[in-house]
Structures are given as structure tokens and as C-alpha cells.
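Report on the following structure.
Each chain gets a letter, A, B and so on, in the order the sequences are listed, and its residues count up from 1.
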Amino acid sequence: MKDKIMHFSIEHPKRVLWFTLLITLLVASQIARIHIDTDPENMLPEEQHDRVVHNQIKERFQLYDLIVVGMVNEQGIYNSQSLENLRDISEQIMQIEGVVAHELLSLATVDNISQEGPGTIRFNWMLPKEELTDDDAQQVQANVSRLPMFLDSLVSSDGKAAAVYVPIESKELSHEISQKIQALTSQLEGSDQYHITGLPVAEDTFGIEMFKQMAISAPLAGLAIFLLMWVFFRSFSLITAPMLVAMSTVLVTMGLLIGAGFTVHIMSSMIPIFLMPIAVVDSIHILSEFAEIHKPGARVKDSIRHVVGNLFQPMLFTSITSAVGFASLAFTPIPPVQVFGLFVAFGIVLAFLLTIIFIPAYIAVLSPESIEKLAQKHAGNESAIDLRGPLNIFHTLSGKYAKPAISAALAISVFSFLGIQHIQINDNPVRWFKEDHRIRVADKVLNEHFAGTYDAYLVLKKDSSAQELSFDESLHALAENNPAVKNLLSAAPESFRDFSEKISWYVQASDDALFEATEEADIEAFESVLMLAEKAQSSSKYFASPEALAYVENLQAALQGGGVVGKSNSFADLVKTVYRELQGGEQEYYRLPDNARQTAQTVLSYQSSHRPNDLWHFVTPDYNEVAVWMQLKSGDNKDMAEVIKQVNAYIESNPLPDEVSLEWGGLTYINVIWQDAMVNGMLYSLMGAFVMVFAVMVILFRSVIFGVLAMIPLSFTIAFIYGLIGWIGKDYDMPVAVLSSLTLGLSVDFAIHFLDRARTIQSETGDWKQTLSLMFDEPGIAILRNAVVISIGFLPLLAAPLVPYNTVGIFLASIMAASCVVTLILLPAILTVLQNLIFKNQTLKETV
Amino acid sequence: MRNLINKTIISGGLALLAFHAYAQDISVDDIVKKANHVAFYQGNDGRAENRMKFVDSSGREQMRQFTILRKDVGETDGDQLFFVLFERPTDVNGTAFLVKKHINKDDDRWLYLPSLDLVKRISAGDKRTSFVGSDFFYEDVSGRALTEDTHVLVETTDTHYVVDNIPKDPASVEFKHFKVWINKQTFLPEKTEYYKDGEKLYRTIEALKHEVVDGFVTVTEMKVSNLETGGYTISQMRFIKYDMGTPDSVFSERSLRTPPQQWLSRPKP
């Protein structure tokens, strides 16, 4: 099979080249249909429970994703100029397409509730609509300081910052809207500074920059690899081949992904960067061996046949194992990661096919002169970097100092193991930007002044089904005794939206029926229905009761003491504030009303304001659910997780009232959920991949011992890399989690090449010492070259302004370095120590 | 005289052609005056039971039921007195509003909260705040002074005068201007559209149903739609009665705590 393929490509090279080009262009044309998706929410499947709940909460409480615009003035914002700026910017932002204007929240859009003489309460815009004086500004400061709902949310208590919360229709518009806001703020006069942040902006802006990075980092990495290969092989025409393989692999894979209708997510945007090294690796083995083997004067076609024949098996093995490693990502519960894993796996297989079909064809069409030149150069050892130095060291270490080398490896393993214990699982989309990025700066400044720009919602929900059941029973009992009531029941709609709507219908219907009724008995019966319904109506408003609100109040107080939640706002805070103003404004009245009727009437007064609908962000119209809006100073998942822990602890010692349940929403919370899914998913997928790769190794090598040996470098490397992460305190975040698969795929590569060649050479020489020397010739050089090319080739990623790209760059380099060193020292050292055991079987098998 | 014309048109309808000819000559000031009268000043006093349903963008309903009493002060369409008593939902039963509407100065407003046994004077900065949480503004219930806007007749259709109203003090209101469709025959303002900057239509008021009550064309169902929130409020007026001879004493602070049942109760059919 492989011979047939090779024969075809060597004999009909031009056809192969044209065909590859055609297919590549055809599939790559799909890339034009690219659709970027940076919404981390999509890390969870659409039907995932927490995501569904999150969206329901948004709908029920009419909540939107928020961009946070902060105005900071170190001299204080309570001057006419700053407040007018705040008013102007609020009004201008409302005009921007995609902004939910009526829900925009700032001092300029809210009401002040105040006392105006004895017995008089005043509702008026917090910022007068007319021209402001500095006296007005002072008055505003005095007014705001009385309203706890606004303090540290709309303005900072140090008087130096004000915030505009900009609700947006769709997260995808965040970057565009934030750009427009920035353009607006830059035109304002005065000494106020403006900052824009919020999770949606961070996420969407990341997408835009990511798109740029796809166009910058990946090609840059390609260029670096190209230059390094030139250093090693000194033949542009020859090293163009791996570049073409890499490019074709990347283009076809991305073309297929986009053509199949998948969005390009943060993960899939990195596919080119992951595929490039993998695609190049095999070609480097071929070129390296070709350069070694092809001596001046020899027939090119024979040399190719020889090289590909030697390398076919290890290349097939490495491709299969790498592909298995990535394909195992399909077992994670995260759709973008599944897509990423499967397409990288596809890319690896494609790269293998291209390597064995395209590379021979390419070399076959090269002019004999250029190959001749290569052979001569190589024979003259003109390579700019001499890799024999380090190889000799490795040779000595694994030969003479095999035991100390193994001991050192064991020590490092212990070090790694301890480091892994220190791993901190954490992520935060804002931290995907470098510290000097304006979003990071805004995040820092605004969270210094305010209670927090990250939000999470805690929803308490009363189940009214028991109450509804008893209402239905009473209703039917009344219907049994009176035919008119029975008629009323049969006139009712088949189903109601909820219990509250049902009650409301019966109140209205019985009231109307009463007006029409003439018979004394009917009047009495309808009055009973009306009474029943009205009673149900009052008692069904669970969160109007002081007991229910007190629970919310205490929970909030506990969270406030927990140190992570900067501030929380709830229906209880709103009721307490309005109640106080109704009672004359003295602080002693800042408390919950005595009964549900008082709550209802307090709320009715509030509803005569400019923004009555703000109420429904905190409580549902049926008063069966309340949402506590929590402001967090940090969007770190570990902090959100801490808040969840605190709430659970509170509930543990203060059980939720009967029939009340708890739900979470908000982007900060959702991030924790997908992180958990990711970490667990990655762990499973890594373990699954480990087992599968081991199985594949045993099957391919037809030896358990060789299977175990092949797993050593990757186990060591993975442990080492993650141990290092633990020790240096780098958060285990999304890119780091995904890199585990790459580690698995790449470090097994070197081991396979090494073991396969070692076994072949050993069977030829029969003497391990001699084999070891030979191993540090051509195979050692190829492995080291690969490691150097890829390590250095990915350093351009460090220049990207996005932290996940830097992470990938650093880790690719470390992975390559670590697994190369392990493969070239630890593996031969083990073989040296255990040569008798290992190769006795080997020779036995070979002779059988 | 004005009333007479109205009544003639409503009851007769024979004068249609004559009216048409007359209509060509009517000034925009007369149109808005008549419309204002029909909408807010018919009879010397009146009562109605109002059931308001607010429906939010996701279809959730809330209901408020109240009785409203009105009395005009003076002969011309000027100051007015209002008394509003809430019945439902039961947890706000007994809550009452007293409003003394002034054309040339801020209204006086009182609120009584029975569960807190509290009478509060409410001083609102403007009249364009929500009426008890509905999509109606106070101004929609009690009327907007004609002197606050400049009126322009922008179109005369077969059935309607379309009048554009531009506020004289733009800072006092949230709209840029509003257009009213006034029925040529009845002078009932049947539709109002409010526009924001950039000609963005964001709010409408429609008269969905009307009846002739005690000889006056009266809107019995109105709808306010908030196009920004996607919510709307429907107000149904029932048990309407005009010219009951309600005394001024009904509109006193005393009534807040002790509702004047005699005048609030439903008229005998």
C-alpha cells in the first residue's frame, strides 16, 4: 500500500502537486464564510442547565449584558462640568444602535427620592435637566449619599467616580459599541477620565484581537519556522516543502471547519498554531534523513524511497497517537473544544498523508542541481548550528551516566508532583489581555472606586404549586354548590401562564359576574369566589412578606461580610429606602415594613417615579422570585466560586424557607460553570487519551515494554509542565487545559521515532553501545532539530497582546524542550540500564 | 356653543357636509382646544371605574382597579380636581390619590397609604412619571396644558386632523414632539405618537373603544404602548357618569382617609 502510494507520487509528481494545490484552494475558499464567536457562554451547550437558567433569569428579570463606562476625576466628580459630562454622555450613549436605551443606568437616568418639607416627599431626576451650577452638584452629592442603592454602584463613595451601566441587546455588539462610546468620551471637555470595561466588552474585544492574531501570529510563527529550517538545511527550495504541507494542512482544515458551518471560537482560532508544528515535524524527519542519506551522485528517487520506507512506520504511529490525543477532546462536554479536538485530529491525519504523498513528489520534481547542492552542503556539514555538541552531552548522560540521569528524572518527577498539588484552577476573560491593555486598566481603576464591575445574580424562587392546588380545590368546592360558579369555571381559559395570572382572572371574572348577578345565591357564591381569589392574591405574593425579605436581607449581610462580594442590591434594599422616605427620611426607618400590605403600598409609591420598571429587575411581578444583584470586584472564577461557597455555607446554617429554591445567573457565574466543565472534561479526556495512546503503542510496537517506554517521556513532560504551572503560580486556565492534549500528542512523537529507530538499529547491530552511538547520529539530530524549530518557531506568539496566545507560545516551547530532552536522555538511559531485559525480548521476537 | 356643536354632530350626523365645509376653516388652535375638551373636560364633573392591565414584554400581566372622580374648576377648560381610590389588588385597597391640577403652576398631589396610615404630599418634578407603575403617565390621565406646546396642523385626512406638538421647553419632557390624530367629527384624539431624537417613535396612545355616555363621546378603552420596553397598558373605563353635581368637599384631604362612598359608588343603572 505505502509502496504503491510512494511509487505513484515519485513517478507522477506533477499530477500530485497540481491535485494538492487544487484541493487546497477549493476547500480554503470556504474560509471566506468565516463567522467568529467569542462568547464564552458558548463553551456550554445551548441546552446546558446553568445556561438555560441564566437565560431564563435574564428574561424574567429583564436583565441585559452590561458595558460599564466609568468616569473618574481625582478632584471629584461633583462639579457642574463633570456632572454635565455625565449627563451628556449618558444621553449620547442612549442614541447608539444596539444599546437598550430605556434601561441605561447612571445618575442622569435615575430618580432622587427626597424630603421636601414636612409630610412632603419628592421624586425628581437625580441630575436636573437644566444647566447645572456647582451648588447643584453639591446637592446631588448630598442626595446620592442618602441612597444606598446608588452608592458604590452609580457613584463611588469617595466622590471621585461615576459609572454608566450600558445594557446591550447582544454581546456581539460590545466591541463596536465600546468603540463608539470611546469616540464620544474623547470629545468631552474637562479633566474627567473615561474607562470602559465589563465582561461582554472584554470577550468581544478579545474576539476582534484574536481575529487579528490569526492573521499575524500564525503566519509569523510560520515564518520563524521557515527561517530556522533554512538555518538547518540551507536550501530554500527544499524547506519550502514542509511549509507547503503546513499551509495546505491549515487551509484545508480551517476551510472544512468553516465550510461545515462551525463558528471560529477562541479555541478553533488556535488550530493553525497547533497544526503548524505538527505538520512540519514529519517533514523535518524526512528532510533530515534525506539530507543525511542522500549522498552526491546518488539517485534522488532511490534516496526518497529509502527515507520514506524508514520513516513510514514511526510517522504513521506518531500521527495516529497525536490524532487520538486530540480526538479525545471530543469527550469533553464543551462544544468548541470538541470541534477543536476533532479538527486538529483531522489536520494531523491530513498532514501525515500530505507528508508521504506530497513531499516525495515535491523532492522528485526538484531540479537535480538543487538537490546536488544540498547534498554537497550537507556533506560539508555547513549547517549554521551544530547540534552535535548537545547530542554528545545527551549521549554521554544516557550512556555513561544512565543511573544518575534516571535518579535526576525521578527527583524532578517528585518536584513536579508537588507542584501539581499547588495548581490553582482559575480564569477570567479580562485577564486574557495584558496588564497594560486599556480593558485591564479600566478594570483595575473602576474596581478600585466601585463595589465591582462584575455581576452575578442570585435568585430565590418560591414554589406556589401547593398553594395553587389548594386554591383549585376550594374553587371546585364552590362550583359544586353553585351552577353559576360552575359556568364561570368553564369560561376560564384552558391554561394560565402562572398562578398569579389565574388568580387575577378569577378576581376580575367574579367581580364582573357579581355586577351581572341578580339571584341572591349567585351573588353570595361569586362573593365567595372573589374573596377566595383576593385572599390567594395577597398571600401568593411571597416576597412581599417581611419574613421572606428578612431572609434575603440576612443573606446579603452575610455575603457583605464574606469579603468577595463588593456590594449586593435587592428588592429589600429598594423597599427599605422608599419606606424610610415615606416615613420622613430618618435613618431609623431604614428597615423592612411590618407586613406585606405595607410593602405593596411602599412599592406603589415607588412606582410613581420615572423608572418604575427598575423594580422588576429585583422582583418578578407575581412577587414569587427575587434576584439579588451582586457586584464583584474581580471576575476571577476562583472568586466567584468562593461566593458560591459562601452562599452554600449560609444556606447550610440558615436553611432556605419552605418551598423556596435558589438559582444562579450572570456571566461571572456562567464562566465558573464552563471552567468546571472544562477542567473535569480535560482531566477525563487526558486520562482517556493516555489509555488509548498506550493501547495504540502496545499494538503498534507489538510489545508491552515498548508501549510503557513510549509513555515515559510524555508522562514525564506532562507532569513536569503542570508541576511547573503549580510552582510558578500560573492559573490553570482554558489554554493551559487544552495544552495537555498537545503535550500528549507532541511528546509521544519523539519517543516513537526514537524507539522505532532504536529497535531497528539494535536488530541490525545487536549491540546497544553501538546502537546508542548510531541513534545520536541521524535520528537524534532529527528529533533535536524538530524541538529547536518548533520551540523557537513559536516564540513570536509572545509578542501577541493576548495572554492565551503568549501562554500557548511559552508552553509549546517548554513542551518541545522538555519532551525532547526526556526522549534523548531518559529513554536511552533507561534502555541502557534495562538493555538486557528489553532487547532480549526484542531479538527473540525478531527471530521468531 | 362648543358643546352644542359637538352634540349636534354626534347625535345628528346629518350636518356632515356642512361640518366638512366648516372644517376647512378651523384653526389648529381651535382643533386642539376642542380635542382637549373632549378628552378631559366633558361635563362639569364625572366618575369612572378603571381597570388597568399592564402587560410586559414577556406577557406577564398586572392589574390595578380604581375609581376616579373628577370635577372642573371654573367655566373654562382650566384647573381640575381628581380623586382616585384603589380597590385592587387587595394589598393596595384603600390607597387614595388627590390631585389638584393647575394649568399655570405645578399640580398639588396627595397620596394616602392606608396600611401605613400615612398621608404624603407628593411633589413630582414633572408630570411625566409613571402612573402607579403603568405605561400611563400622570399627564396622560389628567391632561397636558395646551400652552406647553406649539401646535402645527400637519395633515388633514378624510377623517382626521393630524396635529404635531412641539414642546416649548424641551428639557422638561422626554419627547422631541408628538403627533395626535384627532377625529374630525368627534374631535376625539384617537391616536398619539411620541417621538424621540432622530424621529424615533417610542410610545403610542390609542383610543380603542368609545361610547356616547350621557350625551358625551367618551373613550372607554385606551392603550398605551411602550415601544422601547415592548410592554403596554390597557385601561378600561366602566360605569361612567357625568354631571353628578359632586361637591368640592369630596376633593379634600379628609376624603383620603375617609373615602366619599356616596360619590364613589356605582351609579344605579
Side-chain angles (χ1 to χ4, degrees), chain A residues 59-60 62 91 94-95 100-103 111-112 116-125 128-130 497-498 500-501 504-505 507-508 511 515 534-535 537-538 541 544 579 582-583 593-613 615-616 620-622, chain B residues 51 53-54 56-65 86-95 97 109-116 118-126 128-135 137-138 169-174 196-198 200 202 226 228-231 238-239 266:
Chain A
E59 156 121 31
R60 287 200 308 266
Q62 304 176 0
E91 277 163 14
M94 282 194 236
Q95 308 290 326
V100 187
H102 67 278
E103 294 282 10
D111 269 350
N112 178 33
E116 196 181 68
T120 303
I121 181 172
R122 184 175 172 86
F123 286 97
N124 202 2
W125 293 112
K129 298 281 174 197
E130 302 82 39
R497 180 191 175 84
D498 51 33
S500 118
E501 204 170 291
S504 184
W505 189 89
V507 167
Q508 293 172 49
D511 185 40
F515 178 69
E534 291 201 315
K535 222 179 118 196
Q537 195 166 45
S538 300
K541 293 181 175 174
Y579 181 78
L582 285 171
Q583 294 287 13
D594 298 325
N595 54 54
R597 270 174 64 83
Q598 289 189 355
T599 307
Q601 291 172 25
T602 303
V603 165
L604 186 83
S605 324
Y606 171 80
Q607 286 181 302
S608 298
S609 66
H610 284 106
R611 290 178 65 115
N613 291 328
L615 183 65
W616 311 125
T620 50
D622 62 6
Chain B
R51 190 181 272 170
K53 268 188 227 174
F54 343 150
D56 72 9
S57 56
S58 43
R60 292 180 298 196
E61 241 184 68
Q62 291 179 76
M63 193 259 287
R64 299 234 191 281
Q65 202 167 306
F86 287 86
E87 288 157 65
R88 299 216 168 82
T90 40
D91 52 16
V92 296
N93 184 21
T95 302
F97 270 117
R109 247 195 254 169
W110 288 265
L111 166 69
Y112 174 63
L113 302 172
S115 69
L116 299 162
L118 207 64
V119 172
K120 296 299 285 187
R121 242 193 98 165
I122 307 279
S123 154
D126 58 78
R128 300 195 67 76
T129 58
S130 164
F131 179 73
V132 296
S134 71
D135 293 298
F137 289 157
Y138 275 90
D169 176 12
S172 66
V173 290
E174 84 290 356
K196 271 196 176 163
D197 277 335
K200 194 180 154 216
Y202 71 98
N226 185 334
E228 288 183 317
T229 61
R238 302 184 303 171
F239 313 111
R266 226 167 253 183

Given heavy-atom pairs under 4.5 angstrom as the criterion, report whether the side chain, backbone, both or neither of [X] touches chain B.
X        : answer
A/Asn112 : neither
A/Gln62  : side chain
A/Lys541 : side chain
A/Arg611 : neither
A/Leu615 : neither
A/Gln601 : both
A/Glu534 : both

In terms of heavy-atom proximity below 4.5 Å to chain A, should [X] be classed as side chain, backbone, both, or neither?
X        : result
B/Leu113 : both
B/Arg64  : side chain
B/Gln65  : side chain
B/Leu118 : side chain
B/Tyr138 : side chain
B/Thr95  : side chain
B/Phe239 : side chain

Could you check if a side-chain atom of [X] sits within less than 4.5 angstrom of a side-chain atom of [Y], using non-hydrogen atoms only?
X        : Y        : result
A/Gln583 : B/Leu116 : yes
A/His102 : B/Tyr202 : no
B/Phe97  : A/Ser608 : yes
A/Gln508 : B/Lys53  : yes

Is it true that a side-chain atom of [X] and a backbone atom of [Y] form a donor plus acceptor pair closer than 3.5 Å?
X        : Y        : result
A/Gln598 : B/Ser115 : yes
A/Thr599 : A/Ala544 : yes
B/Ser134 : B/Ser130 : no
B/Asp135 : B/Asn226 : no

Looking at [options], which makes the most heavy-atom pairs under 4.5 Å with chain A?
options                              : value
B/Met63, B/Glu61, B/Gln62, B/Arg60   : B/Arg60
B/Ser57, B/Ser58, B/Ser172, B/Ala171 : B/Ser58
B/Val119, B/Asp91, B/Val92           : B/Asp91

Give a yes-or-no answer on whether the side chains of B/Ser123 and A/Arg122 include a donor-acceptor pair shorter than 3.5 Å.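 The criterion, which ignores hydrogens and geometry beyond distance, is satisfied for A/Arg122 and B/Ser123.
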Hey, which of [options] has the most heavy atom pairs under 4.5 Å with chain B?
options                             : answer
A/Glu59, A/Arg60, A/Glu130, A/Met94 : A/Arg60
A/Val100, A/Asn595, A/Asp511        : A/Asp511
A/Val507, A/Leu604, A/Asn613        : A/Leu604

Near A/Gln95 CD, under 6.0 Å, is it more than 12 heavy atoms from other residues, nucleotides or ligands?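 Enclosed: over 12 neighbouring heavy atoms sit under 6.0 Å from CD of A/Gln95.
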Who pairs with A/Tyr606 by ring-ring contact (aromatic ring centres under 6.0 Å, His included), at least two apart in sequence or on another chain?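 Once residues adjacent in sequence are excluded, A/Tyr606 has no partner under the ring-ring contact (aromatic ring centres under 6.0 Å, His included) criterion.
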Is the closest basic N to carboxylate O distance between A/Glu91 and B/Lys196 below 4.0 Å?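 No, A/Glu91 and B/Lys196 are not salt-bridged.
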